[in-house]
Amino acid sequence: MTDPLAPPVPARSAILSLLLGAHPPTLTVREIVGAMRLFGIAESTTRVALTRMVAGGDLIRDDAGHTLSERLVQRQRDVEPPERRPWTGLWEMAVVTTTGRDAADRVALRSEMARQRVAQLREGVWTRPANLDRPFSARLLEVSTCFEARPLSGSAELAHRLWDLDAWSRRGHAFLDALDDVSNRGAADEPRRFRIMVAAVHHLQTDPLLPDELLPAGWPAEALTTVYTEYRAWLAAMRENLREDQVADTEPR
């Protein structure tokens, strides 16, 4: 039966998720194989995935082990949300004014705007509350005229039009409930906890990062972030145990 909160995670995605949570993002083959085994992925499958990822430029292999490529290191940085600043009621707005853009450019801009947590009000008009401490995207500035404005219809109403906040909140709470359940089951359910955590992190990356004044009561983003931080600490401890086991196996008896 398909688990809607914990869909299967391919070996490549599982390895990337493990390395994206590592600082620095370098692990030995033994550490990766040991972790993947814990998550229910066979060693042979893991080794095949590693070979393909090195060949495809996702990973760099050297004496230290396998490291994320620079492209994926940037993705690791992108996972971290921007800092927030006090909100004054103003919204960022960008109106695309450049014509003749091809489909690839439009798709790239949509991806960039999603990463920047900016919503599309209508075709070519992008907006969000001006509460993030980061500049307008360079890609956006190349094709748009940008403003700060105040909606006359009310910010809360606009936020609910642009984002399905109730649905995001319900799914966030579902992840929290599921993670609490698998934690109570212990190591036997570790593969499912890993799959849920991968999905929950993707969900966190779609948090619109709105000012508190515009959020529904019980918004679960902070609790999800705390759970993810705790999970990364658990992964770090697990990797350290694998390293200690590796050293013990190489010591003369």
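Atom set for the values below is all heavy atoms of this structure, side chains included, hydrogens, waters and symmetry mates excluded.
At a cut-off of 3.5 Å, with distance as the only test, a side-chain donor of Gln116 or Arg134 sits close to an acceptor on the other residue.
Side chain of Arg84 to main chain of Leu210: a donor-acceptor pair is present (N/O by atom type, distance under 3.5 Å, no hydrogens or angles). Under the 3.5 Å distance criterion, the side-chain polar atoms of Trp87 are matched with a main-chain donor or acceptor of Leu90. Distance alone, capped at 3.5 Å, places no donor-acceptor pair between the Ser169 side chain and the Trp219 backbone. Side-chain atoms of Ser13 do not come within 3.5 Å of backbone N or O of Val9 as any donor-acceptor pair. Distance alone, capped at 3.5 Å, is enough to place a donor-acceptor pair between the Glu31 side chain and the Thr28 backbone. Without hydrogens or angle criteria, Ser111 side chain to Val107 main chain gives a donor-acceptor distance under 3.5 Å. At least one donor-acceptor pair closer than 3.5 Å links the side chain of Arg128 to the backbone N or O of Leu209.
Within the 4.5 Å cutoff, the side chain of Glu148 has no heavy atoms near those of the Trp91 side chain. In this structure the side chain of Pro129 reaches within 4.5 angstrom of the side chain of Leu214, judged on heavy atoms. Contact annotation: the side chain of Arg171 approaches that of Leu5 to within less than 4.5 Å [non-hydrogen atoms, C-beta and beyond]. In this structure, the side chains of Trp168 and Pro220 come closer than 4.5 Å at one or more pairs of heavy atoms. Contact of the Pro216 side chain with the Asp166 side chain is registered, since non-hydrogen atoms from C-beta on lie closer than 4.5 Å.
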Problem set entry | Working for side-chain contact (heavy atoms from CB on, under 4.5 Å), residues Asp105 and Asp102 | CA-CA 5 Å; Asp105 285 340; Asp102 61 26; 3.2 Å; yes
Exercise. Which is it for Arg110 and Trp126 under the side-chain contact (heavy atoms from CB on, under 4.5 Å) test, yes or no, and what are the steps along the way?
Worked result: CA-CA 10 Å; Arg110 289 192 194 99; Trp126 299 88; 3.9 Å; yes
Exercise. Hey, mind stepping through Arg161 and Leu121 against side-chain contact (heavy atoms from CB on, under 4.5 Å) and telling me if it holds?
Worked result: CA-CA 9 Å; Arg161 284 173 52 198; Leu121 180 62; 3.8 Å; yes
Exercise. Which is it for Ser137 and Met113 under the side-chain contact (heavy atoms from CB on, under 4.5 Å) test, yes or no, and what are the steps along the way?
Worked result: CA-CA 8 Å; Ser137 136; Met113 291 298 94; 4.1 Å; yes
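Leu162 is connected to Val95 through a chain of hydrophobic side-chain contacts under 4.5 Å among Ile, Leu, Val, Met, Phe, Trp and Tyr, so both are in one cluster. Both Leu38 and Leu18 sit in one connected hydrophobic cluster of ILVMFWY residues. Membership requires side-chain heavy atoms under 4.5 Å apart, directly or through other members. Clustering ILVMFWY residues whenever any of their side-chain heavy atoms sit less than 4.5 angstrom apart, transitively, puts Val125 in a cluster other than the one holding Val96. Put simply, Leu16 and Ile41 are part of the same group of oily side chains (I, L, V, M, F, W, Y) that touch within less than 4.5 Å, one to the next. Linking ILVMFWY side-chain heavy atoms closer than 4.5 Å, directly or via other members, places Ile15 and Leu72 in a single hydrophobic cluster.
Interatomic distance, OG of Ser69 versus CG of Leu59, reported as 7.0 Å (0.5 Å rounding). Here the straight-line distance linking atom CG of Asp181 with atom CG of Asp189 works out to 7.0 Å at 0.5 Å rounding. Here the straight-line distance linking atom CD of Glu83 with atom CG of Asn131 works out to 12.0 Å at 0.5 Å rounding. In this structure, CE on Met36 lies 9.0 Å from CG on Leu50, to the nearest 0.5 angstrom. Here CZ of Arg30 is found 13.5 Å from CD1 of Ile32. Values are rounded to the nearest 0.5 Å. The NE2 atom of His173 sits 13.0 Å away from atom CG of Asp180, with the distance rounded to the nearest 0.5 Å.
Closest approach of Arg150 and Thr88 over heavy atoms only: NH1-O, 3.3 Å. Here the closest heavy-atom approach between residue Thr26 and residue Ala64 is recorded as CG2-O, 4.0 Å. Among all heavy-atom pairs drawn from Met197 and Val227, the shortest one is CE-CG1, 3.6 Å. Between Val73 and Leu68, the closest heavy-atom pair is CG2-O, 3.7 Å. Taking both residues in full, the closest heavy atoms of Ala108 and Arg139 are given as CB-NH1, 3.4 Å, listed atom of the first, atom of the second, then distance. Among all heavy-atom pairs drawn from Leu204 and Thr225, the shortest one is CD2-OG1, 3.7 Å.
Using cut-offs of 30° and 60° for the angle between ring planes, the Phe194 and Phe39 rings count as parallel. Between Phe175 and His203, the ring planes are tilted. Angles from 30° to 60° get that label.
A side chain to side chain contact (heavy atoms under 4.5 Å, CB included) with Thr46 holds for exactly one of Thr51, Val29, Val33; it is Val33.
Heavy-atom neighbours of Arg85 CZ from other residues, nucleotides or ligands within 6.0 Å: above the threshold of 12.
For the pair Arg193 and Trp234, the cation-pi test (distance below 6.0 Å, angle within 45°) is passed.
Taking a cutoff of 4.0 Å between a charged side-chain nitrogen and a carboxylate oxygen, Arg115 and Glu112 qualify as a salt bridge. Salt bridge present: Arg37 and Glu43 bring a charged side-chain N and a carboxylate O closer than 4.0 Å. Between Glu123 and Arg106 there is no salt bridge, since no side-chain nitrogen of the basic residue lies less than 4.0 Å from a carboxylate oxygen of the acidic one. A salt bridge does not link Arg52 to Asp58: none of the charged side-chain nitrogens sits closer than 4.0 Å to a carboxylate oxygen.
When the salt bridge (charged side-chain N to carboxylate O under 4.0 Å, His left out) test is applied to Glu213, no partner is found at least two apart in sequence or on another chain.
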